[in-house]
Protein chains: 2
Amino acid sequence: MAVKKLKKISPIRVMLVDDHPAFRKGMAALIESEPGLEVVAQTGDGREALNLFRQKKPDVVLMDLRLPGVGGVEATMAIRKEFPDAHVIVLTTFDMDEDIYRAMQSGAKSYLLKDTPEDKIAATIRAVHAGEQVLPHGMAQRLADRQKRANLSEREMEVLQHLIKGRSNKEIGASLFLSEDTVKAHLKSLFSKLKVQDRTEAAISAIRQGIVHLE
Amino acid sequence: MAVKKLKKISPIRVMLVDDHPAFRKGMAALIESEPGLEVVAQTGDGREALNLFRQKKPDVVLMDLRLPGVGGVEATMAIRKEFPDAHVIVLTTFDMDEDIYRAMQSGAKSYLLKDTPEDKIAATIRAVHAGEQVLPHGMAQRLADRQKRANLSEREMEVLQHLIKGRSNKEIGASLFLSEDTVKAHLKSLFSKLKVQDRTEAAISAIRQGIVHLE
DNA sequence: TGCAGAATTACCCGAACGGGGAAATGACAA
DNA sequence: TTGTCATTTCCCCGTTCGGGTAATTCTGCA
C-alpha cells in the first residue's frame, strides 16, 4: 500500500488484449480520454499477450475472454505464472457463470461485460490498480452459488463432455474405459446436480450455464 | 446508377447501431479515419434506430445483430419497411448460419463479423453504398447449403423447439395437440435431416447450427 | 483413526426412445 | 390429373434410459 503511493503521480499503464480491432480502438480511445490512464500496448493475439507484457510491464491488463487460438483464460494464466502480481481484468460479451468462474480461477482481479458504461470501466481499472478485487453486483453470490449448484466432479465433467457430443451411455463407457453402469451412476448424480430429468435437458442446461462449451 | 455519381463528391454518411459503447467508439474512429466516410449518428438502442434514421437519413447503417430489447433483425426490418432502399450492413460477433440467414431475410445488404479487419469494413461500406450485395467468402454457398441441409418443415421446427427445452415426446405431443406417435414421426424425419441418431444429438446440432436459439 | 464423498460396478424394472413399416388426408406443383 | 410432400396416426419390437438400491475401494479431511 505504501509502495503504491509513488505510482499515483504517474499514469496507470494499460494493456489491451482483444481480437476485435474496432473494439480495441474504441476502448483505447475511451481509456486515453480518462485522466491518469494510458494505453501502452495492444494485441489481438493471446500468445503475443505474454511477450507484450514482458516488454511493457503494464499496470493493468484488459483481457478479452474469447480469443482465437489461445483463449483469454490461458493467456491470463500464462501472465500470472510469470508475473503473479499482474492485474488482469477480464472482459467478455456475455455473462456466463462458467466463463466468470474460469476467469477468476485464472487469477483475474475483476470481470467486466463489454457493454459496461465507460465511467465504470475506468473506475474498475483504477480500483484494480489500487489492489482491489472488483466484481459486479451479485457476482460474488453467483460464484458462491455455482459452487453448490454444479460442483461437478472430474468424472462427471468427463461424462458430461461426451454427453454433449451426443454419445450413448455405452459409447461414453467405451471412451472412458468404464462400464455402462458406471456411466449411468455418474449421470444420476449429474442429473440431480443440474436439477434435470434426462440427458437432453442436461446438455441444454450445461450449455446454457456455460459449464461446457460448444465449438 | 447514374444518380449515384452525384454522391461521390460528398462523403458516405454512416449510422452505427451497437450497444457496446467502446465498440461504437472504435468503429466510429475507424470509419472517420477513412477518406470519404463519416459517422452521422450512433445509438445502442434498436428502438431508437428507426427514429435516428428518419432524422439523419444515413447512406449506410452498421447494425449489430444482438441488441438488448429490440434485436438487430427487428430494427433492420423496421427501417427497411419505411425506407426500402436503406443500405444496412449487419454486424455480429459469431458467424452462426441462422443469424446470417435471418439478417439477410430482414433485408440487410451485407453481413460482417466484428473481427473483420478495418480495411475490409471500409471496403464493404463503400461497396454496399454503391448498391452491391457483399457476402464473405463462401457465405453465399452456406446460405444455399442451409436450405438443403436443414429445410425443416414447420412442424419439425415446432417439435425441435420443444425438444430443445428438454421435453419428452409425450409432453411435446401434449403441447402441440398431437399424439405421441406423431411426434415420434416428426422426430424420425428430423433426425434424418439433421443426420443424427437421437434427440440429444439433434439438440446439440440444432444449437450449433443456430437453427434454434438458446436464451 | 474414522467418516464423508468420489469412483466403480452390479442388478432390476418400468418408461421412454428409435427404427421399420404402413396408411390416410390434404395441399400444391408438374 | 397425377404425383410429391407434409401431416397425422397406428402397430411392433428391440434398445436405451433413468430410478432405486447396494456394495466395494480409495482418498482426504477432521
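Chain naming here is simple, since letters A, B, ... match the order of the sequence lines and numbering starts at 1 in each.
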[X] side chain vs [Y] backbone, donor-acceptor pair below 3.5 Å:
X	Y	value
E48(A)	D45(A)	no
T182(B)	L178(B)	no
R199(B)	R167(B)	yes

I'd like to compare against my own output: the B/S/- annotation of nucleotides 15-30 of chain D with a strict under-4.0 Å heavy-atom distance to protein.
-SSBBBB---------

Taking [atom1] from [X] and [atom2] from [N], how many angstroms apart are they, rounded to a whole number?
X	N	atom1	atom2	result
E158(B)	dA6(D)	CD	P	15 Å
D181(B)	dA23(C)	CG	C1'	13 Å
L152(B)	dC5(D)	CG	C1'	15 Å
L190(B)	dG18(C)	CG	P	11 Å
L176(B)	dA6(D)	CG	C1'	15 Å
E156(A)	dG5(C)	CD	C1'	11 Å
R155(A)	dT8(C)	CZ	C1'	9 Å
M157(A)	dA7(C)	CE	C1'	17 Å

Within the structure shown, what part of the strands sits under 4.0 Å from E154(B) by heavy-atom distance: base, sugar-phosphate, or nothing?
sugar-phosphate

For the side chain of K193(B), starting at C-beta, report the closest nucleotide among dA7(C), dC11(D), dA6(D).
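For the K193(B) side chain, the nearest candidate turns out to be dA6(D).
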
Among dA6(C), dT8(C), dT7(D), which nucleotide sits nearest the side chain of T182(A)?
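Looking only at heavy atoms from C-beta outward on T182(A), the closest nucleotide is dT8(C).
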
Sub-4.5 Å side-chain heavy-atom contact between N169(B) and V159(B)
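The answer is no, as the side chains (C-beta and beyond) never meet within the 4.5 Å cut-off.
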
Partner residues of R155(A) under the salt bridge (Lys or Arg N to Asp or Glu O under 4.0 Å) criterion, sequence neighbours left out:
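In terms of salt bridge (Lys or Arg N to Asp or Glu O under 4.0 Å), with neighbours along the sequence ignored, R155(A) is linked to E158(A).
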
Identify, with sequence neighbours excluded, every residue that meets salt bridge (Lys or Arg N to Asp or Glu O under 4.0 Å) alongside E180(B).
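Residues passing salt bridge (Lys or Arg N to Asp or Glu O under 4.0 Å) with E180(B): none at all.
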
Applying side chain to side chain contact (heavy atoms under 4.5 Å, CB included), name anything that partners P84(A), two or more places apart in sequence or on another chain.
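Listed in chain order: nothing, the list is empty.
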
For the helix from dT1(C)-dA30(D) to dA30(C)-dT1(D), how many degrees between its two end axes (five pairs per end), to the nearest 10°?
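Here the helix ends are tilted 50° relative to one another.
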
On the ring face of F23(B), is K114(A) found with NZ or CZ under 6.0 Å from the centre and within 45° of the axis?
no

Check whether any side-chain nitrogen or oxygen of S153(B) sits under 4.0 Å from OP1 or OP2 of dC5(D), and answer yes or no.
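So the side-chain polar atoms of S153(B) never come under 4.0 Å of the phosphate oxygens OP1 or OP2 of dC5(D).
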
Donor-acceptor list for residues 51-58 of chain A side chains, cut-off 3.5 Å, not counting sequence neighbours:
{"residue": "N51(A)", "atom": "OD1", "partner": "R54(A)", "partner atom": "NH1", "Å": "2.8"}
{"residue": "R54(A)", "atom": "NE", "partner": "E82(A)", "partner atom": "OE1", "Å": "3.2"}
{"residue": "R54(A)", "atom": "NE", "partner": "E82(A)", "partner atom": "OE2", "Å": "2.6"}
{"residue": "R54(A)", "atom": "NH2", "partner": "E82(A)", "partner atom": "OE1", "Å": "2.9"}

